[in-house]
Amino acid sequence: MDIVICKDREQAAHMVAGLIDRAIRAKPDTVLGLATGATPILLYKDLIRRHRDEGLDFSRVRTWNLDEYVGLAPTHPASYRFFMNDQLFDHVNIDKANTHVPDGMASDFEAAAAAYEAGIAADGGIDIQVLGIGSDGHIGFNEPTTSLASRTHVQTLMLGTRLDNARLFFGGNLDEVPKRAITMGIGTVLESRTAILMAFGKGKAQAVAAMVEGAISHMTPATALQMHRDAKVFIDEEAASLLKNIDFYRAVYADSPLRALEA
Ligand code: F6R
């Protein structure tokens, strides 16, 4: 696991955008796995800027989002499809037909989940998976006790997750936050070629410490990334504040080619 402790979230967004930018220029039909929520917003702004000012071409890029709330239509302002259109897709030259978000309105979720997995496989698998982390250590919406080998499935959300999301995206109204979501599984995430997790702020420090330094456990689903062949973690100082071996991570980074992304 590469651990990059950034000055601030702007620097993290810049570096991750740089990594995605290089990938797309090298392979124009890059397959991106994307996340929603507060964490990737600056990343998407940076990608939009690169498209607008530096000719970053999304015309052949394909995307697969991590998750969607069960029961929210794509037109619902709190749905993840709405979020993605609003925060990224509407502002770059991506073909919407190449963008995928799980169907929160599916009549048969098992079939929808299987079709989602088959779609990712047909696209050749995910090259770069962008992830945030929940304060309970979830990735995607894989809550504690989800199988670390899980595939796309319907997941019941923990109260803490619903409270976090009520605050950020539902005007504080818990009753409006769906109780379930359809999410890529942890096994799905582990198959991506590169996984990039970003986390910012004190509220993520405990989850980050458990992910990086804790034992692999379904109680902290993000610890599964310890098994990923190429996981990179971009965090700010606050999110890094509970890491015990922080000096070591800084020393490793001092020699890392990832430093080039700071430019
Ligand atoms: C979103 C997702 C979630 C979020 C996590 C952190 O698609 O899969 O795992 O990444 O809940 O959310 P924020 O970024 O809002 O703190």
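By convention here, the first residue in the shown sequence is residue 1. Each ligand, and each atom within it, is numbered from 1 in the order the structure gives. When reading the values below, keep in mind they use all heavy atoms of this one structure, side chains included, and skip hydrogens, waters and symmetry mates.
On a distance-only criterion, Tyr80 and ligand 1 share no N/O pair closer than 3.5 Å. Not a single N or O atom of Asn165, backbone or side chain, sits closer than 3.5 Å to an N or O atom of ligand 1.
For Ser135 and Asp164, the side-chain atoms include at least one donor-acceptor pair closer than 3.5 Å. Side-chain N/O atoms of His153 and Gln155 include a donor and acceptor closer than 3.5 Å. Counting only N and O atoms by type, the side chains of Thr30 and Asp127 include no donor and acceptor under 3.5 Å apart. A side-chain N or O of Glu143 and one of Thr161 form a donor-acceptor pair less than 3.5 Å apart. Thr188 and Glu117 form a side-chain donor-acceptor contact under 3.5 Å, judged by distance and modelled atom types alone.
Applying the 4.0 Å criterion to heavy atoms of Leu168 picks out, from ligand 1, the atoms 15 (O). Of all atoms in ligand 1, numbered sequentially from 1 with element shown, those under 4.0 Å from a heavy atom of Lys204 are 6 (C), 13 (P), 16 (O). Of all the atoms in ligand 1, the ones that sit under 4.0 Å from a non-hydrogen atom of Ala35 are 7 (O).
In this structure, of Ala199, Gly33, Ala38, the residue bringing a heavy atom nearest to atom 15 (O) of ligand 1 is Ala38. Residue Gly140 holds the heavy atom nearest to atom 9 (O) of ligand 1 of all those in Gly134, Gly203, Gly132, Gly140.
Looking at Thr39 against ligand 1, both its backbone and its side chain come within 4.0 Å, counting heavy atoms. Under 4.0 angstrom from ligand 1, the non-hydrogen atoms of Leu66 all belong to its side chain. Using a 4.0 Å cut-off between heavy atoms, Ile133 contacts ligand 1 through its backbone alone, with no side-chain atom that close.
Applying the 6.0 Å contact sphere to NZ of Lys27 captures more than 12 heavy atoms from other residues, nucleotides or ligands.
Counting protein heavy atoms only, atom 5 (C) of ligand 1 is closest to His138 NE2, 3.4 Å. Shortest contact from atom 1 (C) of ligand 1 to any protein heavy atom: Thr36 OG1, 3.2 Å. Atom 2 (C) of ligand 1 has Asp67 OD2, 3.3 Å as its closest protein atom, hydrogens excluded (heavy atom only).
A tilted orientation is assigned to the rings of Tyr80 and Tyr69, their planes being inclined by 30° to 60°. Between Phe83 and Tyr44, the ring-plane angle classifies as perpendicular under the 30° and 60° cut-offs.
For Arg49 and Glu54, the salt-bridge test passes: some basic side-chain N is under 4.0 Å from an acidic carboxylate O.
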